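Written below as structure tokens is the structure these notes are about.
Chain letters run A, B, ... following the sequence lines, proteins first and then strands; every chain starts at 1. What you are looking at is a predicted structure, and each value in this text was computed from that prediction instead of being measured.
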There are 2 protein chains.
Amino acid sequence: MTQKQEQLSKNQQIVLNIIEKAKGPLKAYSILYNVQKRGIKAPLQVYRALEKLIEIGKIHKIESKNAFIACKNSDCEISKATAFSICNNCEHVKEIKNTKLSKYLSNFVDNSGMKYKKYNLEFFGLCKDCKLKQ
Amino acid sequence: MTQKQEQLSKNQQIVLNIIEKAKGPLKAYSILYNVQKRGIKAPLQVYRALEKLIEIGKIHKIESKNAFIACKNSDCEISKATAFSICNNCEHVKEIKNTKLSKYLSNFVDNSGMKYKKYNLEFFGLCKDCKLKQ
DNA sequence: ATAACAAACGTTATATTATAACAAATTAAG
DNA sequence: CTTAATTTGTTATAATATAACGTTTGTTAT
Ligand SMILES: [Zn+2]
Ligand SMILES: [Zn+2]
Ligand SMILES: [Zn+2]
Ligand SMILES: [Zn+2]
């Protein structure tokens, strides 16, 4: 088994599966509850898996919600540059994949001449469904 | 005293003072510790003041740090549109005041045609000091 | 294969961040 | 003054996250 490939460990795979199946972002303790039947018993096991999955870009943390979502954008392999759309009403979250935006932000230079390798952007508004229902 | 002006309550003023005096973002329980000599005894008193101060745009929450910083940008009165520069090394945080950036983001329309009233952007990199020391 | 190292695991305890619930006090308006 | 709204004080508890420690597993190089 000389798989040079990036191979996830058991717990990492379990946690990733749950997050990928979910419709929206999941909270750590909700993940814990969901994986207890698979042998994961303690918060730390979940948090360690989350940390690794974030590191390799498989998931992202939605900071304003303390929740975790699967990456839907193959380009952000190292979680460097993320942007999300968050509905204030139904809490629906979507990763924004927009080349212009990511280029704009990656090339952004602030007033002091500083450039940034990494950013996280969270947009808030009403999603289409919620806008109609208003 | 018919001050139509937005007037802060006692606790709100105490908390705001601490945050404005600080060099960087403060955490809620660090604020609590700092204001105990002024009569604020419980976390809730701090969190309630923080909530109000955020609402009126006097301070912002740095989501990736669970910390609070005074607004340095008179334009974001209602905390709608915020952008920060965060140093990965020394944790220095600075609010970004850049008209082009804020216009770009406020006018951003995603692939589904959705526009956003509110956003929070956190840039990560090395500040000038830390870049030199490398 | 086996020694040496790194990564992941399991477990318990604890730290940190944030809110619920309820009653009392203060302030703003009619 | 009366009423409503906001703010306060207080206790308890919920929710989120990490420390510390020892064990196991996986990788790499002899
Ligand atoms: Zn992504
Ligand atoms: Zn919605
Ligand atoms: Zn501001
Ligand atoms: Zn720095």
Side-chain angles (χ1 to χ4, degrees), chain A residues 1-19 22 24-69 79 91 93 120 122, chain B residues 1-19 22 24-56 58-69 91 93 120 122:
Chain A
M1 300 275 181
T2 317
Q3 288 273 100
K4 212 183 99 185
Q5 246 288 41
E6 179 68 68
Q7 195 70 20
L8 295 180
S9 77
K10 180 170 67 88
N11 287 0
Q12 290 159 12
Q13 191 62 64
I14 292 171
V15 169
L16 179 58
N17 285 345
I18 294 285
I19 297 176
L26 293 181
K27 304 211 145 207
Y29 277 74
S30 146
I31 293 169
L32 175 58
Y33 178 79
N34 277 287
V35 297
Q36 282 181 328
K37 64 195 81 136
R38 321 260 338 245
I40 293 180
K41 286 169 188 156
L44 199 43
Q45 297 175 282
V46 171
Y47 279 103
R48 285 199 280 227
L50 290 172
E51 183 182 30
K52 182 64 180 228
L53 293 169
I54 288 171
E55 192 184 311
I56 64 179
K58 292 284 189 188
I59 65 171
H60 303 299
K61 181 173 185 182
I62 308 297
E63 293 286 356
S64 62
K65 293 192 171 301
N66 297 319
F68 304 86
I69 192 170
S79 309
E91 312 238 306
V93 175
N120 178 52
E122 299 182 3
Chain B
M1 298 275 182
T2 316
Q3 289 273 102
K4 209 182 98 184
Q5 248 288 42
E6 180 67 68
Q7 194 70 22
L8 296 180
S9 76
K10 180 170 68 87
N11 288 0
Q12 290 158 11
Q13 191 61 63
I14 291 171
V15 170
L16 179 58
N17 285 345
I18 293 285
I19 297 176
L26 293 180
K27 305 210 145 209
Y29 277 73
S30 146
I31 293 169
L32 175 58
Y33 178 79
N34 276 287
V35 297
Q36 283 182 329
K37 64 195 82 134
R38 320 260 337 246
I40 293 180
K41 285 169 189 156
L44 242 198
Q45 297 176 283
V46 171
Y47 280 103
R48 285 199 280 227
L50 290 172
E51 183 182 30
K52 182 65 180 227
L53 292 169
I54 288 171
E55 193 185 309
I56 63 178
K58 291 285 189 187
I59 66 172
H60 302 300
K61 180 173 185 181
I62 308 297
E63 294 285 356
S64 63
K65 294 195 170 298
N66 296 319
F68 305 86
I69 192 171
E91 313 238 306
V93 174
N120 179 52
E122 298 183 4

With distance as the sole test, does A:Q13 use its side chain to make a donor-acceptor pair with the main-chain N or O of A:K10 at under 3.5 Å? no

Atom CG of B:L53 and atom P of D:dT6: how far apart are they, to the nearest Å? 16 Å

Pull out every residue in residues 28-45 of chain B that has a heavy atom closer than 4.0 Å to any atom of DNA chain D, ordered by number, or say none. B:K41, B:A42, B:L44, B:Q45

Donor-acceptor under 3.5 Å (B:Q12 side chain, B:K52 main chain): no

Take atom CG of A:L16 and atom C1' of C:dA8, then tell me their distance rounded to the nearest Å. 16 Å

Taking side chain as C-beta onward, heavy atoms only, is B:F68 less than 4.5 Å from B:I59? yes

Value in whole Å for how far the C1' atom of C:dT16 lies from CG of B:L26: 16 Å

Can you check whether B:K61 has a side-chain N or O nearer than 4.0 Å to OP1 or OP2 of C:dA18? yes

D:dT6 phosphate, OP1 or OP2: any side-chain N/O from B:S9 under 4.0 angstrom? no

Nearest-Å distance for atom pair CG/P, residues B:L8 and C:dA28: 12 Å

It should be established whether A:Y47 places a side-chain nitrogen or oxygen under 4.0 Å from OP1 or OP2 of nucleotide D:dT18. no

Does B:K65 make a side-chain N or O approach to OP1 or OP2 of C:dT16 shorter than 4.0 Å? no

Taking atom CD as the centre, does B:E51 end up with more than 12 heavy-atom neighbours from other residues, nucleotides or ligands that are less than 6.0 angstrom away? no

B:L50 has an atom CG; how far is it from atom C1' of C:dT16, in whole Å? 15 Å

The helix from C:dA1-D:dT30 to C:dG30-D:dC1: angle between end helix axes, five pairs per end, rounded to 10 degrees: 50°

Test of understanding: with side chain to side chain contact (heavy atoms under 4.5 Å, CB included), list the residues that count as partners of B:E91, not counting sequence neighbours. B:K65

Does any N or O in the side chain of B:E122 come within less than 3.5 Å of the main-chain N or O of B:I62, such that one atom is a donor and the other an acceptor? no

Using a 4.5 Å cut-off on heavy atoms from C-beta on, say whether the side chain of A:K27 contacts that of A:I31. no

Closer than 4.0 Å, any side-chain N/O of A:K27 to the OP1 or OP2 of D:dT16? yes

Using whole Å, what does the distance between atom C1' of nucleotide C:dA18 and atom CD1 of B:I54 come to? 12 Å

B:K52 NZ to D:dA5 P, straight-line distance once rounded to whole Å: 14 Å

Within-4.5 Å side-chain heavy-atom neighbours: B:H60 and B:I54: no

Examine distances only and state if a side-chain atom of A:Q45 and a backbone atom of A:A42 form a donor-acceptor pair shorter than 3.5 Å. yes

If I take atom CG in residue A:N66 and atom C1' in nucleotide C:dT19, what distance separates them, rounded to the nearest angstrom? 13 Å

